[in-house]
Amino acid sequence: DGFVSGATLHNFEQSYREEVLERIYYGLRSGGIFLNADKYAHNDPQVHNIQLRLQIKKIQDVYRVLGRRDLEEEWVKHYEKDNKPEFLMKESEAIQTMQRIGFKKTQMIKRIGMDALMVGYK
């Protein structure tokens, strides 16, 4: 069995995110895999802030060329919300939470900027 999530968990407040992860864990059979492709804050706050600024710059560049300032503003607001303490999903904290729930071999297996692929086994 497996469960795959994409760009979803970072939208939840940390307490609810943990509840969702618990439900995912208990829904998997022994040896099952959980893959999460999502936005993870880098453990180093300086690196995270650099990556955040780069991502916002990319958003601004794309939507300004398209003449869609409305979408640019909405996406920037979304990234600002994701960066609030109650929503921020830090790599090390996510791994610790998953391990506390019971996931084994939990690790980040790929990262490009803020986007990363996390894996955990039951």
With sequence neighbours left out, what residues match Glu18 under side chain to side chain contact (heavy atoms under 4.5 Å, CB included)?
Glu22, Thr97, Arg100, Ile101
If you take all heavy atoms of His48 and Asn83, which pair is closest and at what distance?
NE2-OD1, 2.6 Å
Is the ring pair Tyr16/Phe12 parallel, tilted or perpendicular, if the boundaries are 30 and 60 degrees?
perpendicular
Please give me the minimum heavy-atom distance between Met118 and Ala94, naming the atom from each residue.
CE-CB, 4.0 Å
Let's go through Asn11 and His78 carefully: what are the C-alpha distance in whole Å and the side-chain angles of both, what is the deciding distance for side chain to side chain contact (heavy atoms under 4.5 Å, CB included) to 0.1 Å, and is it a yes or a no?
CA-CA 9 Å; Asn11 292 298; His78 182 85; 2.8 Å; yes
Interatomic distance, His10 atom NE2 to Asn36 atom CG [nearest 0.5 angstrom]
10.0 Å
How many angstroms lie between atom OH of Tyr79 and atom CD1 of Ile59, to the nearest 0.5 angstrom?
4.5 Å
Treating Arg68 as the side-chain partner and Tyr63 as the backbone partner, does any N or O pair qualify as donor plus acceptor under 3.5 Å?
no
Would you mind listing the cluster partners of Leu54? Hydrophobic ones only (ILVMFWY), side-chain contacts under 4.5 Å, chaining allowed.
Ile50
Salt bridge (charged side-chain N to carboxylate O under 4.0 Å, His left out) evaluation trace for Arg23 with Glu19
CA-CA 6 Å; Arg23 290 177 186 217; Glu19 182 181 329; 3.0 Å; yes
Test salt bridge (Lys or Arg N to Asp or Glu O under 4.0 Å), reference Asp82, set Lys77, Lys90, Lys39, output is Lys39
Rounded to the nearest 0.5 Å, the NZ atom of Lys122 sits from the NZ atom of Lys104 at a distance of 9.0 Å
State yes or no: do Leu117 and Ile95 share one hydrophobic cluster built from I, L, V, M, F, W and Y residues joined by side-chain heavy-atom distances below 4.5 Å, directly or via other members?
no
Closest non-hydrogen contact found for Asp38 with Ala7 is OD1-CA, 3.5 Å
Quick one: do Leu52 and Val47 end up in the same hydrophobic cluster if we chain Ile, Leu, Val, Met, Phe, Trp and Tyr together by side-chain heavy atoms under 4.5 Å apart?
no
As an exercise, state the distance from CE of Met114 to CD1 of Ile56, rounded to the nearest 0.5 Å.
8.0 Å
For the residue pair Ala41 and Leu88, what are the closest heavy atoms and their distance?
CB-CD1, 3.7 Å
When every non-hydrogen atom of Gln51 is compared with those of Gly113, the smallest separation belongs to OE1-O, 3.3 Å
For residues Tyr121 and Gly31, report the shortest heavy-atom separation together with the two atoms involved.
CD2-O, 4.3 Å
Val65 with Leu71, same ILVMFWY side-chain cluster at under 4.5 Å:
no
Val4 reachable from Ile33 in the ILVMFWY side-chain graph, under 4.5 Å edges
yes
What about Ile109 and Leu21, same hydrophobic cluster or not, with Ile/Leu/Val/Met/Phe/Trp/Tyr joined at side-chain heavy-atom distances under 4.5 Å?
no
Short question: side chain of Asp1, backbone of Gly32 - any donor-acceptor pair under 3.5 Å?
no
Answer yes or no: does atom NZ of Lys81 have more than 12 heavy-atom neighbours from other residues, nucleotides or ligands under 6.0 Å?
yes
Near-ring test Tyr25/Phe103, centroid separation under 6.0 angstrom:
yes
Please examine the side chains of Phe87 and Glu13, heavy atoms only from C-beta on, and report whether any two atoms are closer than 4.5 Å.
yes
According to side chain to side chain donor-acceptor pair (under 3.5 Å), who are the partners of Lys57, at least two apart in sequence or on a separate chain?
Asp61
At what distance, to the nearest 0.5 angstrom, does CD of Glu91 lie from CE of Met108?
3.5 Å
